[in-house]
Structures are given as structure tokens and as C-alpha cells.
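All heavy atoms count here, side chains included; hydrogens, waters and symmetry mates do not. Sequence positions, counted from 1, serve as the residue numbers for this chain.
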Amino acid sequence: MKNLPQQEWRTQLTKEQDVVVLDVRTPEECATGIVENAIMIDFLQPDYFMQEVNKLDKSKNYYVYCRSGNRSGKACQLMENLGFNESFNLLGGMNEWNAEKVSPN
């Protein structure tokens, strides 16, 4: 797991191919807007989170964010423990996000 500030997180995300953006906020938080193409899996629902994360391809790189960077850091650590290739936590989360957001699907 790597903690990255927003600019580095965004830059690295755009340079890589075949990556996954993961939003671990609640549905209510996601309703305010998400990063484009993000998959939403609520970290505060542990059983659901584990069920959905276990369906993901562990060989891909994951760019993970939440509201402040706390939950996403925990999610990255958990994913690392589960054998995921690499995860990148967005420091400051959506509280610090100053780029475009899109409506969740």
C-alpha cells in the first residue's frame, strides 16, 4: 500500500492501464459525486465489503479513496493482507479532492 497526495494519485492513475478505482464510502457519501469509473463498495459494511473485494482481480492495481483517507487506508491494508498486487490510498480523500466528480451509476 502506498499513501499518495491527490496530484500524484491522479497522475499515476492516468499513466497506468487496466487499473481499478475503488470508492469505499457509504452510498449517501457517494451520492455527492464519485471519481469517474469508480466502483463503490461501502467499507462500513464489513461483510458486504469482504464479499465484494474477494470478487476483484488481485493482479490489478487499485486506487482507493474515501471521505478523508482513513477508511481507504484501512481498505488498502486489508487488500494487501488478502494478497492484492498493489493499492494506492488517496491522502485526504474526497475532502481534499479538487478535480471533476461524476454522478454514481
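- Residues passing the salt bridge (charged side-chain N to carboxylate O under 4.0 Å, His left out) test with K2 are E86, sequence neighbours excluded.
- Across all non-hydrogen atoms, the minimal contact from M1 to G73 is SD-O, 3.3 Å.
- If you check the side chains of S59 and D57, you find a donor sitting under 3.5 Å from an acceptor.
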**OP:** Assess whether side-chain contact (heavy atoms from CB on, under 4.5 Å) is satisfied between N85 and Y62, documenting all intermediate values.
**Re:** CA-CA 8 Å; N85 185 43; Y62 289 82; over 6 Å; no
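- F88 meets the ring-ring contact (aromatic ring centres under 6.0 Å, His included) test with Y63; sequence neighbours excluded.
- No donor-acceptor pair closer than 3.5 Å links the side chain of Q6 to the backbone N or O of L90.
- A cation-pi contact links R10 to W97, judged by a cut-off of 6.0 Å to the six-membered ring centre and 45° from its axis.
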Mind listing the side-chain donor-acceptor pairs of residues 18-29 below 3.5 Å, one per line with the distance, residues two or more places apart or on another chain?
from: D18; atom 1: OD1; to: K60; atom 2: NZ; distance (Å): 3.3
from: D23; atom 1: OD1; to: R25; atom 2: N; distance (Å): 2.9
from: D23; atom 1: OD1; to: R25; atom 2: NE; distance (Å): 3.0
from: D23; atom 1: OD2; to: R25; atom 2: NE; distance (Å): 3.1
from: D23; atom 1: OD2; to: R25; atom 2: NH2; distance (Å): 2.8
from: D23; atom 1: OD2; to: Y65; atom 2: OH; distance (Å): 2.7
from: R25; atom 1: NH1; to: E29; atom 2: O; distance (Å): 3.2
from: R25; atom 1: NH2; to: G33; atom 2: O; distance (Å): 2.6
from: T26; atom 1: OG1; to: E28; atom 2: OE1; distance (Å): 3.4
from: T26; atom 1: OG1; to: E29; atom 2: N; distance (Å): 3.2
from: T26; atom 1: OG1; to: E29; atom 2: OE1; distance (Å): 3.2
from: E29; atom 1: OE1; to: T26; atom 2: N; distance (Å): 2.8
from: E29; atom 1: OE1; to: R71; atom 2: NH1; distance (Å): 2.9
from: E29; atom 1: OE1; to: R71; atom 2: NH2; distance (Å): 3.2
from: E29; atom 1: OE2; to: R71; atom 2: NH2; distance (Å): 2.9

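- Between the side chain of E80 and the backbone N or O of S87 there is no donor-acceptor pair closer than 3.5 Å.
- Using modelled atom types and a 3.5 Å distance limit, the side chains of S68 and N95 yield no donor-acceptor pair.
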Side-chain donor/acceptor pairs under 3.5 Å, residues 36-49, sequence neighbours excluded:
from: D42; atom 1: OD1; to: L44; atom 2: N; distance (Å): 2.8
from: D42; atom 1: OD2; to: Q45; atom 2: NE2; distance (Å): 3.3

**OP:** Apply side-chain contact (heavy atoms from CB on, under 4.5 Å) to L78 and V53, showing your working.
**Re:** CA-CA 10 Å; L78 178 62; V53 163; over 6 Å; no
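- Pairs engaging residues 15-42 under the ring pair (Phe, Tyr, Trp, His ring centres under 6.0 Å) rule: none recorded [sequence neighbours left out].
- A search for salt bridge (charged side-chain N to carboxylate O under 4.0 Å, His left out) contacts involving K55 returns E52, not counting sequence neighbours.
- Between L13 and E8 the shortest side-chain heavy-atom distance does not fall below 4.5 Å.
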